[in-house]
J.: 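Take a look at this one; I'll ask things after.
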Amino acid sequence: MTRYRPAVAVALGLLATACTASPEAAVPRTVLAAAPAPTKEVTQLVLPFDRYQLSVNDIYLIESAKDILTRACMKKRGYGYEAITHRKQYQDLRNRRRYGVIEIPVARKMGYRTNARLLGSTDVTAQKMDRDARMSPAARKAASDPTDGCYKLAGDRLARGNEENEDLVNKLNVDSLDEALKSPRVAPAVRAWGRCMKQRGHSYKDFYAASEDPRWARTEKLSGAERETAVADVTCKEQAGLVTLLSETERDIEERDIRGNKAYFSRLAAARSRHLAAARAVLRGAGD
């Protein structure tokens, strides 16, 4: 039943199509497609596993340190490199689409469609794309080669001894949602959602099937039918209390899994702390 994919992974996959460059070739400027601001349904959707994995701000901190190391490496190779070292903090939207569309403003404006901005990409993403666009092909290869590019080497240096295999937490992350959906506490709400949708003229086995209706992929523009279905989907979730029940049940499942794999999650937390400490040390050394 579950079709959930981590928001970060989806956002990265959308970057190539979610941005446009301004016509001023001398100063390329990436503009991320707009998306409604996150509502409290999203900003309050925090799950126990989240604290063991890198947040968007953790990722940006590490990327800033990687940029510093990349700049030094590129200098040795005879190239300049713009390090993007920001300090702004961003909302973490990793769970925004975990339960499908759950926000009325998103349903009204985007239906079931998505883009990188909706899933958490920010102006930092645009700055990086602009920087890369200004680089010569040779400089870009020196920085980004997947084998011995300076950026890869920088990432390897920061991660060395500071990472823990995340296969288990990733598996548990998917399993917890499956278990929650099938639980005696949530399953009746899923059925109530289905009855509510049917009363509005929509027959789907679950909310994932609604979002994956093949009709939505047939047109580039949002149709009235897709918008109306998405709004009904969110409305029925609210009436059934589905998001609240799902999130509360998942929290219980994830806390249980953390207790049952205490040593593993302790290693995850320690590795995350070491990784961030290594990044902060690089930034302190560079005076950034």
Side-chain angles (χ1 to χ4, degrees), residues 5-16 30 49-90 92 94 116 119-173 261 263-288:
R5 290 174 60 200
V8 172
V10 179
L12 290 174
L14 290 167
L15 287 179
T30 299
F49 288 165
D50 294 348
R51 64 181 182 262
Y52 293 93
Q53 297 183 293
L54 296 173
S55 70
V56 63
N57 292 307
D58 293 340
I59 291 168
Y60 284 160
L61 176 70
I62 291 168
E63 288 183 351
S64 294
K66 286 166 69 174
D67 269 7
I68 295 295
L69 296 175
T70 298
R71 183 174 62 188
C73 172
M74 289 288 281
K75 185 176 181 180
K76 292 178 181 177
R77 296 184 182 188
Y79 299 104
Y81 187 82
E82 177 190 357
I84 298 172
T85 55
H86 57 282
R87 288 294 179 272
K88 184 178 177 180
Q89 295 291 294
Y90 297 93
D92 197 330
R94 73 180 86 188
L119 298 181
S121 290
T122 68
D123 54 310
V124 178
T125 305
Q127 291 173 41
K128 288 176 175 291
M129 296 180 75
D130 290 346
R131 175 195 61 200
D132 294 349
R134 290 191 292 268
M135 295 169 66
S136 69
R140 196 176 300 118
K141 184 177 187 303
S144 305
D145 187 279
T147 302
D148 66 349
C150 286
Y151 197 73
K152 178 188 182 300
L153 297 177
D156 290 347
R157 173 178 163 180
L158 286 173
R160 193 172 298 120
N162 298 324
E163 287 188 319
E164 178 69 28
N165 189 304
E166 294 191 356
D167 288 350
L168 178 57
V169 69
N170 289 334
K171 179 181 184 300
L172 292 173
N173 195 27
N261 298 275
Y264 171 72
F265 279 95
S266 293
R267 292 196 303 272
L268 270 183
R272 174 179 174 272
S273 295
R274 291 195 306 271
H275 204 165
L276 293 172
R280 292 188 184 100
V282 168
L283 293 171
R284 284 196 302 271
D288 288 292

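On a predicted model such as this, the values are computed, not experimentally measured, just so you know.
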J.: State which residues pass ring pair (Phe, Tyr, Trp, His ring centres under 6.0 Å) with F265; sequence neighbours excluded, sorted by chain then number.
T.: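 Checked F265 against ring pair (Phe, Tyr, Trp, His ring centres under 6.0 Å); matches are F49, Y52.
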J.: Between Y60 and K88 (side chain of the first, backbone of the second, donor and acceptor by atom type, cut-off under 3.5 Å), is there such a pair?
T.: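 No: the side chain of Y60 does not pair with the backbone of K88.
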J.: Less than 4.5 Å apart, side chain to side chain, heavy atoms only: is that true for D92 and D50?
T.: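 Counting from C-beta outward, D92 and D50 never come under 4.5 Å.
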J.: Are any side-chain N or O atoms of R272 and backbone N or O atoms of L54, one a donor and one an acceptor, separated by less than 3.5 Å?
T.: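 Not at all, since once roles are kept as given, no pair shorter than 3.5 Å links the two residues.
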J.: For the atom pair CD (Q89) and OG (S55), what is the distance rounded to the nearest 0.5 Å?
T.: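 Output value for this atom pair is 8.0 Å.
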J.: Does a sphere of radius 6.0 Å around CZ in R157 hold more than 12 heavy atoms from other residues, nucleotides or ligands, not counting ones at 6.0 Å or beyond?
T.: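 No, not enclosed.
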J.: Give, for atom CD of E166 and atom CG of N173, the distance between the pair rounded to the nearest 0.5 Å.
T.: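 It is 10.0 Å, given to the nearest 0.5 Å.
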J.: Could you measure the distance from the CG atom of N162 to the CG atom of L276? Nearest 0.5 Å is fine.
T.: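 Rounded to the nearest 0.5 Å, the CG-CG separation comes out at 9.5 Å.
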J.: Just how far is it from atom CD of E163 to atom CG of L268, taken to the nearest 0.5 Å?
T.: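 Between atom CD of E163 and atom CG of L268 there are 11.0 Å.
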J.: Look at the side chain of R131 and the backbone N and O of E82, then say whether any donor-acceptor pair between them is shorter than 3.5 Å.
T.: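 Confirmed, R131 side chain pairs with E82 backbone.
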J.: Could you state the interatomic distance from OH (Y151) to CG (D132), rounded to the nearest 0.5 Å?
T.: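 Nearest 0.5 Å value for the OH-CG distance: 9.0 Å.
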J.: Please name the pair of heavy atoms, one in A154 and one in K66, separated by the smallest distance, quoted to 0.1 Å.
T.: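 For A154 versus K66, the nearest heavy atoms are CB-O, 3.6 Å.
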J.: Determine the sole option in I62, L61, D67 for which the side chain to side chain contact (heavy atoms under 4.5 Å, CB included) test with L283 is passed.
T.: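 Of all the options given, the one that passes is L61.
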J.: Kindly give the heavy-atom pair with the smallest separation between V169 and Y264, and that separation in Å.
T.: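 Scanning both residues, the minimum pair turns out to be N-OH, 3.3 Å.
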J.: For A286 and I68, work out which heavy atoms get closest and say how close.
T.: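 For A286 and I68, the tightest heavy-atom pair comes out as CB-CG2, 3.6 Å.
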J.: Between K171 and D167, is a side chain to side chain contact (heavy atoms under 4.5 Å, CB included) present by the stated rule, with each step listed?
T.: CA-CA 6 Å; K171 179 181 184 300; D167 288 350; over 6 Å; no
J.: Which distance, rounded to the nearest 0.5 Å, do you find between the CD1 of I59 and the CD of Q53?
T.: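 Between I59 CD1 and Q53 CD, I get 9.5 Å after rounding to 0.5 Å.
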J.: Between E164 and R267, is the closest basic N to carboxylate O distance under 4.0 Å?
T.: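 Counted as a salt bridge, because a side-chain N and a carboxylate O are separated by less than 4.0 Å.
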